[in-house]
Every structure is written in structure tokens, then in C-alpha cells.
Amino acid sequence: MARTAIMFSGGKDSMYALARTKEEGGADLLISVISPRGDTQLHLAPEVAPEARRAQIDLLDMPYREVVVDPEGNYLHQLFNGLRSVVSEEGITKLVTGDLWHPYTEGLGDMLAAALNVSLWRPGRDICPSQNEGVKYMNEIIDRRIEAIIVAVKKDVLPENYVGRELNWEFVREMAKNHPNQDCAGEGGQYQSFVVDCPLMRKRINFNRLRVEEVPARNGRGTFYRMDTSSFSLE
């Protein structure tokens, strides 16, 4: 029997992909790529704490599997081996990702799907096939009541005080006005998001403090301001 897995990071794009897949009736499993310190190479920006990602997944009431990677090791080798095990054990025939327009994620996704012998769907790319469609895509996110906050921004691209902000209409307008050359959907690595509430979640996640630290991106590709996401509560 055909089974579908969603590559799930907890950001707005993977939550959108999950919502679209559920509408199609094919969401069987979440796959979360994680590292002990919460820093994988799935995104340029440093990611949220593993505890927050697990709490969010628990609120979705869905089966999930973790693929644990060491960001200091051979990332693609670890990712492929981990995904291969899950695909084989769970009978996965289709992968869904939150990728938008970026050519790097397109190439990586195509390569993994071919190697794993599964089909691939990118629902977000249907709406956002280029950076020019970022505002349209963000409107879709907001209309679906996917409430996400910015947990990291790239230094010298977006200001530090964007960390902790909600991705709402005000943010989209401000990006268009003050940062017209940057993708408001963040597909170019400008920021990293995390969904704190949406119709699919049983409860809302509230972070207990807004403490920001400066951390390096993977492979020395810049510096990010990252929010401490290790302390949170549910309501």
C-alpha cells in the first residue's frame, strides 16, 4: 500500500506541506531530521532546540520517525542512510517537503528521491516557484492560520530585533518596504521560522524568554542571531 512521509522541520513551510498533504488524504508519517544540539544542515540558519521540535510533533498527534545526524560528519551520507532505513521499514513510496523555489533544495530533493526510489512532492513550490511569488505564498500561510515566529535571522541581512517576531501581515509589509531585495518567505536563508500554533496542533507553544545569541551558520557561511528555544510552555 502506498504511504506518504512528510519531511518535517517545524517551520512554516513544512507545516504548510503537512496541511496540504492531509487535505489530499495521504499524510502517514512525519520524518524529523535532528541533531543532539539542534543544528542540522537542512537549513543554513541554526534551528530550534530538539525539545521544542519534539513537543510540536507531539501536538500534531501523528506517527513520526527521527533521523539523527551529526553536523560535523558527512551530512548527506548520514541523511541518506537514515532516510533509507525509514523508507524501507515504513513502506514509504512518496516524500513531501516544504521546499520552495531555491535551486539547491530542488537538486537535493531530486537526488534523494531518485536514490530512495520514491516520488517527491513540494506543495509550497506550486505557489512559490520563484522569489517573486514570496508575498503570495506568505499570504497563503497567514490565511491558513499557520502562526510562526522568527527564531533566527542572518546577521547583516535582517536586524536582530526581528528575532521573536510573528510572521504576519505587518511583517510582510515591512519586508517589502525596508528589505525589497530579500525574499519575505525566507527561502534564501534570511531567517528561520518555527510554528507555535495552527489548526493541526492541539495546543500552542509559548517560549518563556527572548534571549538572543550570535552563532555561526554551517560551513562558515555567515553568522546568525538565534533565539533560545529551550524553555517553553504549552497552553
Side-chain angles (χ1 to χ4, degrees), residues 6-19 30 32-34 37-40 42-60 98-100 124 128 134-135 137-179 182-215 217 222-235:
I6 296 88
M7 297 291 292
F8 192 78
S9 70
K12 60 177 175 49
D13 302 328
S14 61
M15 191 68 78
Y16 174 77
L18 172 59
L30 301 178
S32 178
V33 180
I34 201 166
R37 68 184 189 192
D39 183 12
T40 72
L42 276 182
H43 303 94
L44 175 62
E47 299 165 14
V48 298
E51 302 92 334
R53 293 184 65 177
R54 292 184 178 119
Q56 183 197 56
I57 289 174
D58 288 342
L59 295 175
L60 292 169
D99 301 334
L100 304 181
C128 194
V135 172
Y137 175 70
M138 291 302 294
N139 290 345
E140 176 79 4
I141 293 290
I142 296 167
D143 285 345
R144 285 177 172 268
R145 295 186 292 128
I146 296 175
E147 298 182 28
I149 64 171
I150 296 175
V151 292
V153 299
K154 192 171 185 181
K155 185 178 180 180
D156 300 325
V157 173
L158 295 178
E160 180 180 353
N161 62 13
Y162 272 31
V163 178
R165 285 193 57 172
E166 182 181 347
L167 296 179
N168 52 22
W169 298 114
E170 181 182 356
F171 168 79
V172 174
R173 289 193 294 267
E174 188 172 324
M175 283 288 289
K177 178 182 177 181
N178 298 336
H179 309 280
Q182 300 296 334
D183 181 11
C184 68
E187 182 71 356
Q190 294 87 350
Y191 65 85
Q192 181 73 10
S193 70
F194 183 75
V195 176
V196 294
D197 198 15
C198 73
L200 298 178
M201 294 169 58
R202 288 186 289 104
K203 295 183 179 180
R204 181 185 183 88
I205 297 175
N206 291 314
F207 291 105
N208 297 332
R209 56 176 177 259
L210 180 55
R211 187 174 68 193
V212 180
E213 58 182 348
E214 191 171 321
V215 295
T223 303
F224 279 79
Y225 295 115
R226 179 177 64 182
M227 175 181 170
D228 178 4
T229 54
S230 62
S231 178
F232 55 89
S233 59
L234 307 178
E235 70 173 30

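In what follows, residues are counted from 1 in the order of the sequence shown.
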- Counting N and O atoms only, with roles assigned by atom type, does the side chain of Gln190 sit under 3.5 Å from a partner on the main chain of Gly188, one being a donor and the other an acceptor? yes

- Message: Is the terminal nitrogen or CZ of Arg226 (NZ for Lys, CZ for Arg) located under 6.0 angstrom from the six-membered ring centre of Phe224 and within 45° of that ring's axis?
- Response: no

- Dump the intermediate steps for side chain to side chain contact (heavy atoms under 4.5 Å, CB included) on Arg54 and Ile34, then the final yes or no. CA-CA 10 Å; Arg54 292 184 178 119; Ile34 201 166; 4.1 Å; yes

- Evaluate the side-chain proximity of Tyr225 to Tyr162: yes if any heavy-atom separation is below 4.5 Å, no if none is. no

- Query: Got Asn161 and Val212 here, is their nearest side-chain heavy-atom distance under 4.5 Å?
  - Reply: no

- Polar side chain donor-acceptor pair, Ser230 to Arg209, under 3.5 angstrom: yes

- Message: Taking the ring of Tyr137 and the ring of Tyr16, is the distance between their centroids below 6.0 Å?
- Response: yes

- Query: Could you walk me through whether Met15 and Phe8 pass the side chain to side chain contact (heavy atoms under 4.5 Å, CB included) check?
  - Reply: CA-CA 7 Å; Met15 191 68 78; Phe8 192 78; 3.7 Å; yes

- Value for CG (Leu200) from CD1 (Ile146), rounded to nearest 0.5 Å, stands at 7.5 Å

- Donor-acceptor under 3.5 Å (Glu187 side chain, Leu100 main chain): yes

- Task: Would you please test Arg165 and Glu174 for side chain to side chain contact (heavy atoms under 4.5 Å, CB included) and show each step?
- Result: CA-CA 12 Å; Arg165 285 193 57 172; Glu174 188 172 324; 3.0 Å; yes

- At their closest point, which heavy atom of Leu30 faces which heavy atom of Ile57, and how far apart are they? CD1-CG2, 4.1 Å

- Which atom names give the shortest non-hydrogen contact between Ile205 and Leu234, and what distance separates them? CG1-CD2, 3.7 Å

- Query: CG of Asp99 to SG of Cys128: how many Å apart, nearest 0.5 Å?
  - Reply: 11.5 Å

- Query: Once you round to the nearest 0.5 Å, how far does NE2 of His179 lie from SG of Cys184?
  - Reply: 11.5 Å

- Evaluate the side chain to side chain contact (heavy atoms under 4.5 Å, CB included) criterion for residues Asp228 and Glu213: first the C-alpha distance (whole Å), next the side-chain angles of each, then the deciding distance (0.1 Å), finally the verdict. CA-CA 7 Å; Asp228 178 4; Glu213 58 182 348; 5.8 Å; no

- Message: Between Arg145 and Cys198, is there a side-chain heavy-atom distance shorter than 4.5 Å?
- Response: no

- Under 3.5 Å, is there a donor-acceptor pair between the side chain of Gln56 and the main chain of Gly10? yes

- Note on the structure: Correct closest heavy-atom pair for Thr229 and Ala49 would be OG1-N, 2.8 Å

- Using modelled atom types only, decide if a donor and an acceptor are shared between the side chain of Lys12 and the backbone of Ala185 within a distance under 3.5 Å. yes

- Heavy-atom donor-acceptor pair, Arg144 side chain to Asn139 backbone, under 3.5 Å: no

- Query: Can you tell me how far CG of Asn168 sits from CD1 of Ile149, rounded to the nearest 0.5 angstrom?
  - Reply: 12.0 Å

- Note on the structure: All heavy atoms of Asp143 vs all of Trp169, minimum pair found to be OD1-CZ2, 3.5 Å

- Query: Does Ser14 use its side chain to pair, donor to acceptor, with the backbone of Ser9 at less than 3.5 Å?
  - Reply: yes

- Message: The criterion is side-chain contact (heavy atoms from CB on, under 4.5 Å); which residues satisfy it with Arg204, sequence neighbours excluded?
- Response: Glu147, Val196, Asp197, Asn206, Glu235

- Task: Considering non-hydrogen atoms only, spot the tightest contact between Asp183 and Met175 and give its length.
- Result: O-CE, 3.8 Å

- Please round to the nearest 0.5 Å and tell me the distance separating atom CZ of Arg211 and atom OG of Ser231. 9.0 Å

- Query: With a 3.5 Å cut-off and no angle check, do the side chains of Tyr191 and Gln182 form a donor-acceptor pair?
  - Reply: no

- Item | Smallest separation among heavy atoms of Phe232 and Ala55, with atom names | CE1-CB, 3.6 Å

- Hey, does the side chain of Ser193 reach the backbone of Ile150 with a donor-acceptor pair shorter than 3.5 angstrom? no

